[in-house]
Amino acid sequence: MSSNKIKLALASLLGSVLLVFLDQYTKFFAVNSLKGTDGNGQDIVISEGILRLHYLENRGAAFSIMVDRQLFFIILTIVVCLGILVYYFKIPLERKYVPLILCLNFLFSGAIGNLIDRISNGFVVDFIYFELIDFPVFNVADIYVTCSVFLLFILVVFKYKDEDLEPLMIFRTKEKDSSDQQ
């Protein structure tokens, strides 16, 4: 591995550590300020009828689906994180791939942030509630995951050409592999 790749990996690791710290710090705030030490905390209204901070223990996934399947989510998150790492190290060191690297860092950090909750609490701490549209309560790690997946979609569909993504392919068809050898 080149020294530039090692520097990028270390910078990405530091970025992910900072993102996970921010997520965990906000959840710590939510537990201590919104839940309260006695379990009877109160919401913090940011903008009446629009945005409030509301403590919620999410024992499922997005929108509280698949409640109490923590082992499944832990295993799935580990597999996804390993997949992200595999793709991360396949990305060429070129400027055009910086947005892709950033998206993978945010996706990885969000997954790890919620994984920490699942392992340590048995649930994910959610606390951001958009009243205006009655959107399900979520957290900072969820923002990382949602935004990075959306941006990955935009990048893959609109920015990168097929040949840009070719170095990232793990599985190739035999037809493609044989044409590469000619």
Side-chain angles (χ1 to χ4, degrees), residues 1-30 58 61-63 65-66 69-121 124-128 135 138-182:
M1 187 180 320
S2 73
S3 67
N4 286 340
K5 193 70 168 186
I6 292 171
K7 287 177 187 175
L8 178 64
L10 290 174
S12 294
L13 177 63
L14 177 61
S16 288
V17 167
L18 291 173
L19 289 170
V20 170
F21 175 79
L22 176 62
D23 170 65
Q24 291 298 301
Y25 179 78
T26 59
K27 290 173 180 173
F28 175 81
F29 165 80
N58 186 349
F63 309 107
I65 61 171
M66 297 179 66
R69 299 245 165 62
Q70 296 308 318
L71 182 60
F72 170 77
F73 291 124
I74 290 169
I75 293 169
L76 179 65
T77 303
I78 291 169
V79 169
V80 167
C81 286
L82 290 174
I84 290 169
L85 291 174
V86 167
Y87 276 103
Y88 178 81
F89 285 104
K90 290 183 74 60
I91 297 173
L93 283 177
E94 295 177 32
R95 187 174 196 72
K96 68 181 173 184
Y97 293 108
V98 169
L100 186 60
I101 291 168
L102 290 172
C103 283
L104 290 179
N105 279 344
F106 273 86
L107 183 59
F108 183 82
S109 300
I112 294 297
N114 283 339
L115 178 65
I116 290 169
D117 279 15
R118 288 186 198 288
I119 291 172
S120 63
N121 302 328
V124 174
V125 173
D126 288 336
F127 61 93
I128 303 169
F135 196 79
F138 57 97
N139 61 49
V140 173
D142 296 338
I143 295 170
Y144 299 163
V145 170
T146 302
C147 291
S148 61
V149 168
F150 177 75
L151 289 173
L152 280 171
F153 175 79
I154 298 297
L155 290 171
V156 169
V157 172
F158 297 108
K159 179 179 174 35
Y160 296 118
K161 300 176 184 125
D162 288 345
E163 56 269 15
D164 294 333
L165 299 174
E166 187 63 32
L168 306 177
M169 295 299 122
I170 295 175
F171 303 107
R172 297 181 187 181
T173 62
K174 291 185 183 208
E175 180 181 305
K176 182 70 176 168
D177 286 341
S178 63
S179 68
D180 288 344
Q181 295 172 354
Q182 294 176 358

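Nothing fancy with the numbering, it's 1 onward along the sequence.
Rounding to the nearest 0.5 angstrom, the gap separating the CG atom in L107 from the CG atom in L102 is 12.5 Å. Rounding to the nearest 0.5 Å gives a distance of 7.5 Å between CG of L100 and CG of L165. In this structure, the separation between CG on L93 and NZ on K7 is 11.0 Å, given to the nearest 0.5 Å. Annotation: the span from D23 atom CG to I116 atom CD1 amounts to 7.5 Å, rounded to 0.5 Å. Atom NZ of K90 is separated from atom CD of E166 by 9.5 Å, given to the nearest 0.5 angstrom. Here L155 contributes atom CG and Y97 contributes atom OH; the two are 11.5 Å apart, rounded to the nearest 0.5 Å.
Closest of all the heavy-atom pairs between K159 and P99 is CE-CG, 4.1 Å. The two residues L104 and I84 make their nearest non-hydrogen contact at O-CG2, 3.9 Å. The two residues A141 and K27 have their closest heavy-atom pair at CB-NZ, 4.2 Å. Taking all atoms of both residues into account, the shortest heavy-atom contact from I112 to C81 is CD1-SG, 3.7 Å. The minimum heavy-atom distance between S109 and V20, with the atom names listed, is O-CG2, 3.5 Å. The two atoms that bring F108 and S16 nearest to each other are CD2-OG, 4.0 Å, heavy atoms only.
With hydrogens and angles ignored, the 3.5 Å screen pairs no side-chain donor or acceptor of Y144 with any backbone N or O of A111. Side-chain atoms of Y160 come within 3.5 Å of backbone atoms of K96 as a donor-acceptor pair (strictly under, hydrogens ignored).
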Item to check | Test side-chain contact (heavy atoms from CB on, under 4.5 Å) applied to N58 and F138, step by step | outcome: CA-CA 9 Å; N58 186 349; F138 57 97; over 6 Å; no

Item to check | L8/I91 under side-chain contact (heavy atoms from CB on, under 4.5 Å): CA gap, chis, key distance, verdict | outcome: CA-CA 11 Å; L8 178 64; I91 297 173; over 6 Å; no

Item to check | Intermediate values then yes/no, side-chain contact (heavy atoms from CB on, under 4.5 Å), F28 and V125 | outcome: CA-CA 9 Å; F28 175 81; V125 173; over 6 Å; no

Checklist entry - Between F106 and C147, does a side-chain contact (heavy atoms from CB on, under 4.5 Å) hold up when you go through it step by step? => result CA-CA 8 Å; F106 273 86; C147 291; over 6 Å; no

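A parallel orientation is assigned to the rings of F21 and Y25, their planes being inclined by less than 30° (bins at 30° and 60°).
Atom CZ of F29 is surrounded by more than 12 heavy atoms from other residues, nucleotides or ligands within 6.0 Å.
Remark: of the listed residues I78, V80, V86, V79, I78 is the sole one forming a side-chain contact (heavy atoms from CB on, under 4.5 Å) with L82. Exactly one residue among D117, T26, N114 makes a side chain to side chain donor-acceptor pair (under 3.5 Å) with N139. That residue is N114.
Between F135 and I128 the shortest side-chain heavy-atom distance does not fall below 4.5 Å. Using a 4.5 Å heavy-atom cutoff, the side chains of I101 and S12 are in contact.
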